[in-house]
Amino acid sequence: MSLRIHEKIIEGGLFLAALSSILITAGIVWILVYESVVFFKQVSLFDFLTDTQWTPLFVDPRYGILPLLSGTFVTTFIALIVAVPLGTVAAIYLSEYASHKTREIIKPTLELLSAVPTVIYGYFAFLFVTPLLQKFIPQLPGFNMLGAGLVMGIMIIPYVSSLSEDAMKAVPMHIREGSYAMGATRMQTALRVVFPSALSGIVSAYILAFSRAVGETMVVAIAAGMQPNFTLNPLEPAETITAYIVQVSLGDLPHGTIGYQTIFAAGLTLFCMTLFFNIAGHYLRKRFRQAY
Amino acid sequence: MMSLKTTIQMNKRFDALFAILGLLSLLVGLTTLLALVVDLFLDGADHLSWTFFTSFPSRFPEKAGILSSWVGSSVVMLVTTATAVPLGVAAGVYLEEYAPKNWLTSLIEINIANLAGIPSIVYGLMALGLFVYQFRLGQSIQTAGLTLALLILPIVIISTREAIRAVPATMREASYAMGATKWQTTRDHVLPYSLGGILTGIIIGLSRAIGETAPLITIGALTFIAFLPHAPFSSQFPFVSFEWLEDPFTVMPIQIFNWVSRPQDEFHLNAAGAGLVLMVMVMVMNGLAIAIRYRFRKKIKW
């Protein structure tokens, strides 16, 4: 009898631990919405989304998120230009060309790229990559979106390559063998048979990498500058949503002021964007899992 | 006939070219990693001296050290481990061994997958609103440790589940056949067999936590700390004190960020020194995780 009660208590404890993950999400959504509601009582949603000035800490405050969004998208776009081709080709190589032994060594090494602390990537982008770029583009300012975006791109290569490789590995062998039997080379098989078959999994890898780049903070905070700048020119300095949150957190804004609430409104925008892309990515991956 | 031969030759040439292209793209990533390590080493290696580890940060770059930040990182990791490991392993065990197939379980599963994709800075905002201002835990070691614990919880849960899933059902059935209860089976058979995978996940999670900067800046970690937290042990009764949990703190990544953001080059070199230390810590943890995974995979044959 007591054994049965003992078992029940343990199961209850384990269940509560699993349930705690839901509490975390609830806590995140609640805090972001709770603080943002106060913010949106003072600033209309229309102004927030259409005003082209973000100067919440000035005497004449303007609350347009667009300059932060432009900074976020330009850096993310540069990162994807780097990570998508490199990550995809690397994944094809690892999945279709490399021997078992090579893969066992290279894959964990490549994954170290995403294990390096982001603040170190920030250091690298600011003090190594930007000075290097300045040799080719002399007018490049010390803070710029190009260097930050390039380094962020290298950083997210493993996100693209690992998930894409998993997707290609999941394509059944007999499909490849069919292609080889028709006399196709490995490249033809990889590009015309395996890649299309694994496409939804590969696209979901791109989407998750995108979402990772949008939420990345330290690289852009260190190397891209902390000046809101409504521009699409990667050679200029600009501020991302995440860098703005860091900037405000470094200064000591009193709790309850509108300046304090702006970081929650910015955080809510970020959360909604990444949530949308994460769900899209998971949906695609699920679809690809059902394919075979 | 001739044209067929040239077609085949051309295709083979393209195939070889593509293999080279693949190697080159791998090389871009690996070379960058190497450049980063070499750059850190060249800039920072000179700074690694005993005094660098035993000095507080300072206005004078040559006197500045990382004492408060490595101590801070260590104690924050202590809180993170103490929270994330029991919670994450328990959640993983529940989902894999106990959970019924119903809407609540699938909600929890979707939720964990989604938590893993939330940017770390959003965890920081949550901690600022909830832990600092609602629960009044202060901008302290406990808040920082809890925040990072929540951040790595999905990693611990997911790797626990994968490790448990790899234990074949026959193991459990043998245990049940001997009259063991579900918990006895889990505790005495399933968990020991999946220990390698769980440990790997915990180490990977902690190596991620030790390098996190943004959420800790968001909760208001100070960048200049010239004192240490209260000692956990004392010579007076009750000998153990938890006062340190409420102390303000700084950690290695924040110290690096602070030094990088300063205009003087001397501070940048300090940042490289601290970066090198942090990098070594993270790489050792990752190496350890890879070694454990490799060993356990070799040792256990089902």
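It should be emphasised that the depicted structure is a prediction, and the values quoted were computed from it without experimental measurement. Heavy atoms only: backbone and side chains are in, while hydrogens, waters and symmetry mates are out. Residue numbers begin at 1 in each chain, while the letters A, B, ... track the order of the sequences.
Within the 4.5 angstrom heavy-atom criterion, atoms from both the backbone and the side chain of Phe15(A) approach chain B. Using a 4.5 Å cut-off between heavy atoms, Ala35(B) contacts chain A through both its backbone and its side chain. Proximity to chain A (any heavy atom under 4.5 Å) is shown, for Thr32(B), by both the backbone and the side chain. In this structure, chain A has heavy atoms under 4.5 Å from both the backbone and the side chain of Ile217(B). Interface residue Ile28(A): backbone and side-chain heavy atoms are both found under 4.5 Å from chain B. No part of Glu111(A) comes within reach of chain B, as not one of its non-hydrogen atoms sits under 4.5 angstrom from that chain. Interface residue Thr109(A): backbone and side-chain heavy atoms are both found under 4.5 Å from chain B. With a threshold of 4.5 angstrom between heavy atoms, Leu191(A) approaches chain B through side-chain atoms but not through N, CA, C or O. Within the 4.5 angstrom heavy-atom criterion, only side-chain atoms of Tyr34(A), from C-beta onward, approach chain B. Using a 4.5 Å cut-off between heavy atoms, Leu130(B) touches chain A through backbone and side chain atoms alike. Only the side chain of Val282(B) comes within contact range of chain A, judged by heavy atoms closer than 4.5 Å. The contact between Thr217(A) and chain B is made entirely by side chain atoms (from C-beta outward), counting heavy-atom distances below 4.5 Å. Ile106(A) touches chain B through its side chain: at least one heavy atom from C-beta onward sits under 4.5 Å away, while N, CA, C and O do not. Both the backbone and the side chain of Ile22(A) come within contact range of chain B, judged by heavy atoms closer than 4.5 Å. Heavy atoms closer than 4.5 Å to chain B are found in both the backbone and the side chain of Ile24(A). Heavy atoms closer than 4.5 Å to chain A are found in the side chain of Met283(B), but not in its backbone. For Glu212(B), no part lies near chain A; criterion is any non-hydrogen pair under 4.5 Å. With a threshold of 4.5 angstrom between heavy atoms, Leu32(A) approaches chain B through side-chain atoms but not through N, CA, C or O.
Put simply, of Ala83(A), Ala90(A), Ser21(A), the one with the most heavy-atom pairs under 4.5 Å next to chain B is Ser21(A). Among Val129(A), Ile263(A), Val82(A), Thr118(A), the residue with the largest count of heavy-atom pairs under 4.5 Å with chain B is Ile263(A). Counting heavy-atom pairs closer than 4.5 Å to chain B, the top-ranked of the candidates Ala18(A), Gly27(A), Gly122(A) is Ala18(A). Put simply, of Phe128(A), Tyr123(A), Phe126(A), the one with the most heavy-atom pairs under 4.5 Å next to chain B is Tyr123(A). Residue with the most contacts toward chain B among Ile245(A), Thr88(A), Leu275(A), Ile157(A): Ile245(A) (heavy-atom pairs, distance under 4.5 Å).
Scanning for side chain to side chain donor-acceptor pair (under 3.5 Å) contacts around Ser179(A) gives Thr189(A), with sequence neighbours left out.
Taking both residues in full, the closest heavy atoms of Gly22(B) and Val89(A) are given as CA-CG1, 3.5 Å, listed atom of the first, atom of the second, then distance. Scanning both residues, Gly267(A) and Leu125(B), for their nearest heavy atoms gives CA-CD1, 3.5 Å.
Separation of atoms CZ (Phe131(B)) and CD1 (Ile31(A)) is listed at 9.5 Å; rounding is to 0.5 Å.
Between the side chains of Asn111(B) and Thr25(A), at least one donor N or O sits under 3.5 Å from an acceptor N or O.
Of the possible polar contacts, one joining the Glu7(A) side chain to the Trp183(B) backbone as a donor-acceptor pair under 3.5 Å is found. Asp15(B) contributes no side-chain N or O that, together with a main-chain N or O of Thr185(A), makes up a donor-acceptor pair within less than 3.5 Å.
When ring centroids are compared, Tyr260(A) and Tyr133(B) come within the 6.0 Å threshold.
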